[in-house]
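Just so we're clear, the structure is a prediction, and the values are computed from it rather than from any experiment.
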Amino acid sequence: MARKRYQPQDTGDFRREDGGGEARHRRTPLWLSAQLKARIAKLQKWLKEEQENTEPPTLADYIQGILSRRAREGKSQVSQSIYNLKDAAKMLNFLQANNIMDMSGLDEKFKSMIGEQLDIQHKLKPIDRRLGTLKKHIEQADIYFKYKGKKPLTEAEQILFTAAHDYLKGVMNGKTALPVKAWKAEYAKLTAERETLNRRYLALKGEVKEAEQIRKSVYSILRQEQREQQPRRAQDVER
């Protein structure tokens, strides 16, 4: 009788051993490192999206938080006027309307308002000079045409006529046709421009005054907040 050749049986244990080998392969340090990197990348992407979708608090939000806390605590170290609802609303509306994010933004806004004031002043100066010149041109032309051809002239009228003639002769520089109509049109145009600039200047003057008071109030609130935070930080360090 021929001896049977030994054949290893394909048992469940061998299959479990193969399966366990695959499981151990999936849990190698290289695989774990790749999985960890993937999770970190996903987390970083989520954090970036959250930061992009979350607007940072504005200076108005910060100030409003301080005022709300002070109102709850009943503190009055800061000027009492700031607790006037009208004043507080005016301050917060100014900060929000101008999208002021921090103190540097507030300072820049204040400087830009001052700069606009100075710009208007610079624009008004040449307009005022030109209006003065045109006014004199027109007045002397009116005198000249009033007495031109009139006979006889009194001594006073002759003096006025001669002065007007000499003035206009110097202005026209050899030309004979007086552009009175053009002078009057330019005078009317510059007068309207001056009125527009002057209205804006006066309005801006009031706005600058109000902005300066708001700026002082904000600085006062922040200084007081900083003084109060220092003892708290010292206590936290001691703990």
Side-chain angles (χ1 to χ4, degrees), residues 43-132 190-239:
L43 178 60
Q44 289 175 336
K45 181 180 179 182
W46 177 80
L47 288 173
K48 184 178 179 182
E49 290 175 352
E50 285 296 306
Q51 290 174 351
E52 292 174 351
N53 295 331
T54 303
E55 294 183 359
T58 64
L59 182 59
D61 297 330
Y62 185 61
I63 295 295
Q64 189 170 23
I66 294 175
L67 293 179
S68 297
R69 193 189 73 243
R70 288 184 177 280
R72 290 193 302 269
E73 296 173 353
K75 293 185 177 180
S76 58
Q77 292 92 331
V78 182
S79 174
Q80 289 292 331
S81 64
I82 204 60
Y83 293 105
N84 181 291
L85 291 177
K86 185 178 179 180
D87 291 341
K90 188 182 294 184
M91 178 177 63
L92 295 174
N93 286 338
F94 177 84
L95 297 175
Q96 291 170 345
N98 293 284
N99 195 30
I100 296 174
M101 304 299 293
D102 48 32
M103 287 307 300
S104 62
L106 179 59
D107 290 340
E108 283 300 318
K109 176 60 180 177
F110 186 71
K111 288 178 183 178
S112 71
M113 295 174 75
I114 297 294
E116 187 180 354
Q117 263 193 318
L118 294 175
D119 185 54
I120 292 175
Q121 287 179 341
H122 292 323
K123 288 179 179 178
L124 284 171
K125 287 180 180 179
I127 290 176
D128 287 338
R129 285 196 298 267
R130 183 57 179 166
L131 283 173
L190 289 177
T191 299
E193 186 177 342
R194 188 188 188 285
E195 289 177 354
T196 300
L197 287 172
N198 196 50
R199 281 196 300 270
R200 176 54 186 154
Y201 181 82
L202 293 176
L204 191 60
K205 187 177 181 180
E207 292 173 10
V208 167
K209 185 178 180 181
E210 184 177 298
E212 185 176 13
Q213 182 58 48
I214 289 173
R215 184 167 171 266
K216 288 180 179 179
S217 296
V218 170
Y219 268 103
S220 177
I221 292 171
L222 294 180
R223 280 196 297 267
Q224 181 63 35
E225 182 70 9
Q226 187 177 22
R227 283 195 294 268
E228 291 187 2
Q229 290 294 334
Q230 287 175 350
R232 295 177 187 172
R233 289 172 184 167
Q235 291 175 2
D236 293 339
V237 170
E238 290 176 359
R239 292 174 187 174

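Taking 4.0 Å as the cut-off between side-chain N and carboxylate O, Glu193 and Lys123 do not count as a salt-bridged pair. For the pair Glu207 and Arg200, the salt-bridge criterion is met [side-chain N within less than 4.0 Å of a carboxylate O].
To the nearest 0.5 Å, atom CG of residue Leu95 and atom CG of residue Asp102 are 11.0 Å apart. In this structure, the separation between NZ on Lys111 and OG on Ser104 is 9.5 Å, given to the nearest 0.5 Å.
The shortest side-chain heavy-atom distance between Phe110 and Ile214 does not fall under the 4.5 Å cut-off. Taking the side chain as every heavy atom from C-beta outward, Thr196 and Arg199 approach each other to under 4.5 Å. The side-chain heavy atoms of Gln96 and Asn93, taken from C-beta on, include a pair separated by under 4.5 Å. Looking at heavy atoms from C-beta onward, Gln213 lies in side-chain contact with Ser217 at the 4.5 angstrom threshold. Within the 4.5 Å cutoff, the side chain of Leu118 has heavy atoms near those of the Gln121 side chain.
The shortest non-hydrogen separation linking Met113 to Leu204 is O-CD2, 3.6 Å. Taking all atoms of both residues into account, the shortest heavy-atom contact from Met103 to Leu222 is SD-CD1, 3.3 Å. Scanning both residues, Met91 and Ile221, for their nearest heavy atoms gives CE-CD1, 4.0 Å.
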- Query: Do Asn99 and Met101 pass the side chain to side chain contact (heavy atoms under 4.5 Å, CB included) test, and can you show the C-alpha distance, the side-chain angles, and the key distance before you say yes or no?
  - Reply: CA-CA 6 Å; Asn99 195 30; Met101 304 299 293; 3.9 Å; yes
- Evaluate the side chain to side chain contact (heavy atoms under 4.5 Å, CB included) criterion for residues Leu106 and Phe94: first the C-alpha distance (whole Å), next the side-chain angles of each, then the deciding distance (0.1 Å), finally the verdict. CA-CA 10 Å; Leu106 179 59; Phe94 177 84; 3.9 Å; yes
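For the residue pair Tyr219 and Asp107, a side-chain donor N or O sits within less than 3.5 Å of a side-chain acceptor on the partner.
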